[in-house]
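I have placed the structure first, in the form of structure tokens, so that the comments after it can refer back to it.
Residue numbering restarts at 1 for every chain, and letters A, B, ... go by the order of the sequence lines.
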Protein chains: 2
Amino acid sequence: MKTPSKETQAAWRALLSVSKSLVESIERDLKAADLAPLAWYDVLLEIEKAGKDGIRPFELQERLLLPQYGMSRLLDRMDTAGLIQRETFGDDRRGQSVFLTPEGKAMRDRIWVVYAGFLADRIGGVLSETDAVALRDLLRKLA
Amino acid sequence: MKTPSKETQAAWRALLSVSKSLVESIERDLKAADLAPLAWYDVLLEIEKAGKDGIRPFELQERLLLPQYGMSRLLDRMDTAGLIQRETFGDDRRGQSVFLTPEGKAMRDRIWVVYAGFLADRIGGVLSETDAVALRDLLRKLA
DNA sequence: CCCAATATGATGCAGGTGCATCTATATGCT
DNA sequence: AGCATATAGATGCACCTGCATCATATTGGG
């Protein structure tokens with residue numbers, strides 16, 4: 001049987017526990033500030049980056065690594081919350097294009113205040129620029 | 001507003017996406033082999049490490065970073081699946097001690113075959129020992 | 001000794017996720 | 001054109017998770 005080295009196992013355990021702790025931490029911060037969760041931020045950001053033509057749900061799925069049904073329901077909730085709009089368009093009547101509402105844009109901005117603080121504090125405050133680059137490079141090897 | 005550097009943001013995005021992808025990947029492998037999910041493995045391992053006296057649920061919560069109700073229900077399911085046993089004991093009649101059944105031990109062993117292969121392949125195969133140590137150290141700074 | 005505070009674990013409810021499947025439209029092969 | 005296949009997105013169902021709260025047992029202060 002293939003057996004991973006102690007170093008491999010230690011790196012993996014650190015990866016699991018650190019990412020879990022950090023995600024839970026930022027999610028708590030967002031909830032405490034009455035803001036939407038991280039997944040919503042990612043969607044809001046992608047839509048905003050897409051610009052005035054909006055973006056197709058299936059493109060969002062691919063970029064954010066969500067399953068199709070997951071994105072469908074996430075967009076449902078964000079729509080209900082008034083943060084996005086979905087419009088069918090003539091080109092392909094199966095599809096739709098997703099846009100931010102002003103409230104969606106405002107929500108992204110408010111989340112970013114908390115999120116940026118978290119990143120600057122919990123990551124920027126702990127890792128030097130050199131460390132951050134090294135970490136990113138090591139993680140990329142795993143991708 | 002505090003703004004995290006580009007390097008900080010890139011490291012964070014890599015951390016999020018790599019840990020997510022790897023976890024989904026091992027979960028898929030386990031499911032494909034008809035085995036229990038990762039969280040179950042962690043519990044089975046901790047119980048086994050605890051030895052013949054078993055382990056208390058609240059100790060499992062602390063070690064595995066699960067909320068109390070999460071561990072309570074996880075143990076319910078594992079009990080129903082016949083992998084563990086819970087016994088109340090005289091010392092503190094609020095509490096209980098958790099033990100592996102033979103099936104639980106067997107499940108842990110079978111999961112480890114898949115899990116070890118995954119780690120050796122997807123991490124050990126990609127990172128040198130030096131890389132693995134460096135990654136672990138960088139992640140520890142974030143903990 | 002008694003009562004408030006604390007610790008251990010369980011549970012009702014609302015909401016989120018995975019899986020399979022469904023509907024509707026578009027494309028391609030003959 | 002006609003029909004099989006593929007693509008975009010929605011949804012029913014079972015299960016899982018978070019939150020609040022509960023029940024029970026223990027501890028500590030007066």
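- For the residue pair A/W12 and B/L22, the shortest heavy atom distance occurs at CZ3-CB, 3.7 Å.
- Atom CD in B/E27 sits roughly 17 Å away from atom P in D/dC15 (whole-Å rounding).
- B/A36 approaches B/I111 most closely through the heavy-atom pair O-CD1, 3.7 Å.
- Rounded to a whole Å, the OH atom of A/Y69 is 14 Å from the C1' atom of D/dG9.
- Not counting sequence neighbours, the partners of A/A33 by the side-chain contact (heavy atoms from CB on, under 4.5 Å) test are A/L35, A/V114.
- If you measure from atom CH2 of B/W40 to atom P of D/dT17, you get 11 Å, rounded to the nearest angstrom.
- For D/dG18, the OP1/OP2 oxygens have no side-chain nitrogen or oxygen of A/K31 closer than 4.0 Å.
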Sort me out a list of protein N/O and nucleotides 5-7 of chain D N/O pairs below 3.5 Å, or just none if empty.
residue, atom, partner, partner atom, Å
D/dT7, O2, A/R94, NH1, 2.7

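- Boundaries of the chain A contact region on DNA chain C are C/dG16 to C/dA26, first to last in 5' to 3' order (nucleotide atom under 4.0 Å from a heavy atom).
- Residues B/S25 and B/R122 have side chains that bring a donor and an acceptor to within less than 3.5 angstrom of each other.
- Heavy-atom nearest nucleotides on DNA chain C were determined for A/D91 and for B/Q61, and the one closer to the 5' end corresponds to B/Q61.
- At whole-Å resolution of the value, CD in A/E87 and P in D/dG9 are 14 Å apart.
- Among pairs with a residue in residues 58-73 of chain B, those fulfilling side chain to side chain donor-acceptor pair (under 3.5 Å) read B/E46-B/R63, at least two apart in sequence or across chains.
- Atom pair A/R86:CZ and D/dA8:P shows a separation of 16 Å (rounding to whole Å applied).
- Contact of A/Q68 with D/dA8 (side chain to base): no donor-acceptor pair of N or O atoms is detected under 3.5 Å.
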Pairs under 3.5 Å (N/O, protein and nucleotides 1-3 of chain D):
none

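- The side chain of B/R77 contributes an N or O atom lying less than 4.0 Å from OP1 or OP2 of D/dC16.
- A/W112 pairs by the ring-ring contact (aromatic ring centres under 6.0 Å, His included) definition with A/Y115, not counting sequence neighbours.
- The side chain of A/S72 places no N or O atom within less than 4.0 Å of a non-bridging phosphate oxygen (OP1 or OP2) of D/dG9.
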